[in-house]
A.B. asks: 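Encoded as structure tokens, here's the structure I'll be asking about.
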Amino acid sequence: VIALIDYKAGNLTSVRKAFAALGAELYTPERPEDLAAADAIVVPGVGHFGATRALGPDWIEAILARVGELRPLLGICLGMQWLFEGSEEAPDLPGLGLLSGQCYKLTSVPGEGPQGVNQAVKIPHVGWNSLDLQRENTIVDQVENHTQVYFTHSFVAPVTGDTVAVTSHGRPFASIVQRGHVAGVQFHPEKSGEAGLQVLRNFLGMVG
Amino acid sequence: MLSKRIIACLDVREGQVVKGVNFEGLRTAGDPAELARRYNAEGVDELVILDITATLERRRALADTIRAVARELFIPLAVGGGIRTEADAAAAVDAGADKVSLNTAALSNPSLITTLAERYGSQAVLVAIDAKWEGDRAAVYVRSGSTAANRDAVDWAKEAEDRGAGEILLTSIDRDGTKIGFDCRLTAAVSAAVSIPVIASGGAGTLDHFVDVFTGGRADAALAASIFHYAETSVKNLKMHLRDAGIPVRL
């Protein structure tokens with residue numbers, strides 16, 4: 001069974017629905033102890049990094065214990081940023097620290113592209129943008145390079161050795177990360193058509 | 001590079017997709033779930049379901065339509081029309097909407113924007129602005145275009161952004177259903193004033209109208225209904241045309 005962590009950062013209906021379409025039913029643990037049965041964990045979330053404050057030390061301990069037992073973990077959007085050491089969005093609040101680096105805010109850039117197309121970099125980054133794959137990995141199995149996926153966010157994770165795909169919006173950021181059985185996606189796989197479902201399928205493959 | 005989005009709008013009344021001219025004279029265009037399926041297969045980037053009569057007549061439960069459309073669709077889905085309270089928004093979200101679109105209620109109760117942004121995140125809150133030119137001023141209208149709100153569209157868009165809106169859905173009442181082109185002047189004025197994405201709506205009739213709104217109109221996304229419903233062009237055709245014109249799209 002796969003646990004879907006609900007810390008009240010956004011709506012989980014779509015995530016649940018996408019996994020259900022792939023034949024996976026997710027359960028929402030009410031207490032950290034409920035994670036004991038989890039074969040894998042999904043941490044979704046949109047909005048402010050401060051929302052992760054709802055996942056106190058007992059939750060962090062339970063999640064890290066499962067990760068220590070090599071159960072796969074997938075972070076989506078804010079959930080991916082939480083895998084890192086922290087974010088300048090809530091400097092006093094540490095992340096899970098499974099991946100090294102600090103998340104930071106994208107900056108807007110005014111500007112016009114060729115043929116007069118308005119290509120000002122607006123924040124938040126909302127819409128479909130492409131994945132530039134950096135290396136092969138389970139989470140991107142059968143995902144074509146330059147596939148477009150759906151983003152909606154203002155903060156990003158840095159490009160590091162754990163980065164599997166990079167996306168650019170003014171500047172490049174990590175759009176997919178993976179380190180062993182810990183993976184994260186900045187975009188919304190539940191809202192990214194077939195490519196998004198493939199990423200979720202790949203995660204389910206890691207669960208085995 | 002971030003793509004310019006093509007959004008198909010399903011104006012729904014009593015479970016059927018309808019479309020009128022200048023907000024009046026409705027005709028039926030089909031089953032929402034069936035149209036949604038077709039647009040998704042053609043590569044549409046997002047869908048909007050607007051319950052167009054909800055603010056004028058007694059509100060009908062949209063949940064069944066939302067559920068039917070959301071069931072097999074894995075792209076963003078926005079729902080609007082008659083969302084007046086946090087409970088209305090919650091019902092739409094629970095049925096499968098990713099975003100709710102506020103129009104009349106946002107003007108009469110602006111704190112609803114903030115309430116919903118705090119509950120679901122700004123990305124889930126669209127503020128829909130229906131505007132028409134009165135001299136040099138773009139005036140906001142509510143109640144499906146029937147009542148002047150005594151607000152300037154640019155000022156209202158800025159306020160909506162400050163209050164937590166994640167996107168602006170800007171409809172030109174002058175152009176709606178006319179097929180003579182988007183109101184690029186209106187779209188550019190609002191887009192330049194806010195940093196959140198602006199979705200242009202109203203007036204799409206040809207493929208080049210979309211090129212215009214992404215260049216001179218400075219739009220981040222364009223929304224259309226009838227040009228797609230009656231299969232005058234497919235979403236895929238439109239996107240290939242945009243790509244050839246140098247506009248980044250998802251194909």
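Keep in mind that the numbers below use all heavy atoms, side chains included, and drop hydrogens, waters and symmetry copies. Residue numbers start from 1 in every chain, and the chains themselves are labelled A, B, ... in the order their sequence lines are given, proteins ahead of strands.
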A.B. asks: Please answer whether the main-chain N or O of B/Val249 pairs with a side-chain N or O of A/Gln148 as donor and acceptor at a distance below 3.5 Å.
C.D. replies: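 Looks like yes, one N/O pair under 3.5 Å.
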
A.B. asks: For B/Ser195, which atoms come within 4.5 Å of any heavy atom of chain A: side chain, backbone, both, or neither?
C.D. replies: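 Backbone plus side chain of B/Ser195, per the 4.5 Å heavy-atom cut-off to chain A.
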
A.B. asks: Which region of B/Ala221, side chain (C-beta onward) or backbone (N, CA, C, O), has a non-hydrogen atom less than 4.5 Å from a non-hydrogen atom of chain A, or is it both or neither?
C.D. replies: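 Nothing of B/Ala221, per the 4.5 Å heavy-atom cut-off to chain A.
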
A.B. asks: Is it the case that more than 12 heavy atoms not belonging to A/Arg179 sit under 6.0 Å from its CZ atom?
C.D. replies: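 Counting other residues, nucleotides and ligands, CZ of A/Arg179 stays at 12 neighbours or fewer.
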
A.B. asks: Heavy-atom pairs under 4.5 Å with chain A - which of B/Val211, B/Val194, B/Ile196 has more of them than the others?
C.D. replies: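 Of the candidates given, the most pairs with chain A belong to B/Ile196.
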
A.B. asks: Less than 4.5 Å to any heavy atom of chain A: does that hold for the side chain of B/Val213, its backbone, both, or neither?
C.D. replies: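 Contact with chain A involves no heavy atom of B/Val213 at all.
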
A.B. asks: So, the side chain of A/Lys191 versus the backbone of B/Phe74: is there a donor-acceptor pair under 3.5 Å, distance only?
C.D. replies: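 No, the answer is negative, given that no donor and acceptor are paired below the 3.5 Å cut-off.
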
A.B. asks: Just so I understand: if I count every heavy-atom pair under 4.5 Å between each of B/Pro197, B/Pro76, B/Ala95 and chain A, which residue has the most?
C.D. replies: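 Looking at each of B/Pro197, B/Pro76, B/Ala95 in turn, B/Pro76 comes out on top.
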
A.B. asks: Can you name the residues that form a ring pair (Phe, Tyr, Trp, His ring centres under 6.0 Å) with B/Phe182, not counting sequence neighbours?
C.D. replies: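 B/Phe182: ring pair (Phe, Tyr, Trp, His ring centres under 6.0 Å) contacts with B/Phe210.
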
A.B. asks: Name the region of B/Glu118, side chain, backbone, both or neither, that has any atom closer than 4.5 Å to a heavy atom of chain A.
C.D. replies: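 Contact with chain A is absent: no heavy atom of B/Glu118 under 4.5 Å.
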
A.B. asks: Of all the heavy-atom pairs spanning B/Tyr120 and A/Val46, show the shortest one and how long it is.
C.D. replies: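 Closest heavy-atom pair between B/Tyr120 and A/Val46: O-CG2, 3.7 Å.
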
A.B. asks: Looking at chain B, which one of A/Ala20, A/Ala18, A/Ser154 has the largest number of heavy-atom pairs inside 4.5 Å, strictly under?
C.D. replies: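 Greatest number of close heavy-atom pairs with chain B: A/Ala18.
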
A.B. asks: Heavy-atom count around A/Lys17 NZ within 6.0 Å, excluding the residue itself: above 12?
C.D. replies: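 Counting neighbours around NZ of A/Lys17, more than 12 heavy atoms of other residues, nucleotides or ligands fall under 6.0 Å, so yes.
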
A.B. asks: Identify which of B/Gly121, B/Ser3, B/Ala124 forms the greatest number of heavy-atom pairs closer than 4.5 Å to chain A.
C.D. replies: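 Heavy-atom pair counts peak at B/Ser3.
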
A.B. asks: Between A/His125 and B/Leu2, is the side chain to side chain contact (heavy atoms under 4.5 Å, CB included) condition met? List the steps.
C.D. replies: CA-CA 8 Å; A/His125 176 222; B/Leu2 184 60; 3.6 Å; yes

A.B. asks: Where does B/Arg5 contact chain A at under 4.5 Å (heavy atoms): side chain, backbone, both or neither?
C.D. replies: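 Looking at B/Arg5, just its side chain touches chain A.
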
A.B. asks: Rounded to the nearest 0.5 Å, how far apart are OG of A/Ser14 and CD1 of B/Ile75?
C.D. replies: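 Spacing of OG (A/Ser14) from CD1 (B/Ile75) equals 11.5 Å.
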
A.B. asks: Which one wins on heavy-atom pair count under 4.5 Å against chain B: A/Thr167, A/Thr13, A/Thr147?
C.D. replies: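 Answer, by heavy-atom pair count under 4.5 Å with chain B: A/Thr13.
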
A.B. asks: So for A/Leu197, is it side chain, backbone, both, or neither that comes closer than 4.5 Å to the heavy atoms of chain B?
C.D. replies: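 Side chain of A/Leu197 only, per the 4.5 Å heavy-atom cut-off to chain B.
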
A.B. asks: Does the side chain of A/Lys122 come within less than 4.5 Å of B/Ser191's, by heavy atoms?
C.D. replies: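 They are in contact (side-chain heavy atoms under 4.5 Å apart), so the answer is yes.
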
